[in-house]
Participant: 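So that we are looking at the same thing, I have put the structure below in structure tokens.
Only a predicted model underlies this, so the values are computations on that prediction, with no experimental measurement involved. Counting starts at 1 for both ligands and their atoms, following the listed order. Hydrogens, waters and symmetry mates are skipped; everything else that's a heavy atom, side chains included, is used. Numbers here are sequence positions counted from 1.
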Amino acid sequence: MKNLNDMPAEEFRKYGHELIDWVADYLVEVGNKPALAQINPGDIKSKLPADPPNEPEAFDLIIKDLNEIIIPGMTHWNHPRFNAYFNSSASGPGILAELVSGAFNINGMLWKSCPSATELEEVVLGWLRQMIGLPDNFWGIIYEGGSVSSMHGIAAARENIKDASLRQKGLTGRSDLGRLRLYLTEHSHSSVEKGAVTLGVGLEGIKKIPVDDKFRMIPDELQKAIDEDRKAGWLPFCVVGTVGTTSTTSIDPIPEIAEICEREKLWLHVDAAHAGTAAIVPELKHILNGCERADSFVLNPHKWMFVPIDLSVFYTKKPEILKRAFSLVPEYLKTDEDSEVINYMDYGITLGRRFRSLKLWFVIRYFGVNGIIERIREHIRLGKLFEKFIDESSRFEKLAPVTLSTVCFRALVQDMNASELNNFNRNLMNNVNNTGITFISHTILNGIFTIRFVVSSIRTKEEDVIKVWKILNGVYERMI
Ligand SMILES: *Cc1c(COP(=O)(O)O)cnc(C)c1O
């Protein structure tokens, strides 16, 4: 009789221990590896067989290939000098929770399908809501990412349009409705536009409101756009404000935007995917001023709260609208408890849901709220330290205010015109990244190639910031 069982417990234990050691070593040594993968497209594929193995392979061999084939193609997000984009760093307790979550392998679609998953999600999202200072009329749900969260915010906004019966009648062929209009700025995250495209709003239905010299939405311009659109027969329905834009971490004036949304009866969705976490720090609570007036709000603990990808939190004051947009329960998923419990599948596009709240719970308990506060405070101190280096150097100039720990800057070189300077800075960034010492990224601000340096990793220390500063100057000197 052939053995058709799972991996035997003894073997699981042996390799499990081996892999836990492997992970512990990896996290200690990751800073000695290149932050950005130093390989060419196709390098990894060329080392992997095109066909699957027909017969079992030894687990040792899998670990060997992990080391020899996979590791060289890694851009290490857990590297202490991963300073690109908005870093997502995974902490020990979060990583261990993922292991447990994998073992449970639940599907938390219904309360009944895993009561612990549903109730832990409710409780932990209540904790997080208190930590960032949102009032208790906000109801929360976990989705896989900020993009998906914002899409659900826009879907609720769309469902909220008065007398439109969009759930029932849909959007196509609706000559009785004006065309839907959603407002954001050019600094809003691209995922918001993707969400609007997905939901039939279309790129033409999106209006980008001008920003001020600090890259923040100008409320008067928003009001003006709404007035003009209404006159022209558009149907304004949603405004997306951002706390912590992707390029510069600018913060839209949410109180003024909320004022307009209340007056105009528009849904206000706030995207605080990265920066929202900073509101846990007492002296930074003000960054969420006005968010208590939003209809929905997104924050990604997988960005700056040391929770492994993926875990985004969506809060709304109107869960009944979200439910109206998404609830569709087939007979085989009806349960006796439906009237007493939350069935999270009713509040989103996916049926299956993994046990994500477990890692948020592990992380908050392991570090404590104060431990998280102290770490974020330190990242902001390190961001400001890098800002000071830039400010005090005649080689570089800062290109945006540093609101949290994102520094936007460029190098200056005498006698170069605008386009030469853009090229120089692109090369500077690439050359720095090719050293493997750090990974930094870029954006374009007012036509200027802008280098971004972000501190949000649990592994970044002051010595790392100094090391990046030195390598940046070293590469600059070589290029000049
Ligand atoms: C990262 C980010 C997103 C996208 O989040 P994902 O989880 O990657 O989908 C959206 N908005 C802002 C402001 C972000 O920083």
Participant: Here's a test for you: under side chain to side chain contact (heavy atoms under 4.5 Å, CB included), which of Asp252, Ile209, Leu184, Thr185 qualifies with Leu222?
Facilitator: Ile209
Participant: With a 4.5 Å cut-off on side-chain heavy atoms, are Trp304 and Phe86 touching?
Facilitator: no
Participant: Report all N/O contacts between ligand 1 and the protein shorter than 3.5 Å as a table of atom names and distances to 0.1 Å; if there are none, say 'none'.
Facilitator:
{"residue": "ligand 1", "atom": "5 (O)", "partner": "Gly146", "partner atom": "N", "Å": "3.4"}
{"residue": "ligand 1", "atom": "5 (O)", "partner": "Asn300", "partner atom": "ND2", "Å": "3.4"}
{"residue": "ligand 1", "atom": "7 (O)", "partner": "Gly146", "partner atom": "N", "Å": "2.7"}
{"residue": "ligand 1", "atom": "7 (O)", "partner": "Asn300", "partner atom": "ND2", "Å": "3.0"}
{"residue": "ligand 1", "atom": "7 (O)", "partner": "His302", "partner atom": "NE2", "Å": "3.2"}
{"residue": "ligand 1", "atom": "9 (O)", "partner": "Gly146", "partner atom": "N", "Å": "3.2"}
{"residue": "ligand 1", "atom": "9 (O)", "partner": "Ser147", "partner atom": "N", "Å": "2.8"}
{"residue": "ligand 1", "atom": "9 (O)", "partner": "Ser147", "partner atom": "OG", "Å": "2.6"}
{"residue": "ligand 1", "atom": "11 (N)", "partner": "Asp271", "partner atom": "OD1", "Å": "3.2"}
{"residue": "ligand 1", "atom": "11 (N)", "partner": "Asp271", "partner atom": "OD2", "Å": "2.6"}
{"residue": "ligand 1", "atom": "15 (O)", "partner": "Lys303", "partner atom": "NZ", "Å": "2.8"}

Participant: Identify the two heavy atoms, one from Leu182 and one from Phe237, that lie closest to each other, and give their separation to 0.1 Å.
Facilitator: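 Where Leu182 meets Phe237 most closely, the heavy atoms are CB-CE2, 3.9 Å.
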Participant: Would Phe314 and Tyr143 satisfy ring pair (Phe, Tyr, Trp, His ring centres under 6.0 Å), going step by step from the backbone distance to the final call?
Facilitator: CA-CA 7 Å; Phe314 177 85; Tyr143 297 122; 5.7 Å; yes
Participant: Just to verify, which of Phe297, Tyr315, Tyr347 counts as forming a ring-ring contact (aromatic ring centres under 6.0 Å, His included) with Trp139?
Facilitator: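 Among Phe297, Tyr315, Tyr347, the one that satisfies the ring-ring contact (aromatic ring centres under 6.0 Å, His included) with Trp139 is Tyr347.
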Participant: Any side-chain to backbone donor/acceptor pair from His79 onto Lys33? Under 3.5 Å, distance only.
Facilitator: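 Yes; judged by distance alone, with no hydrogens or angles, the pair exists.
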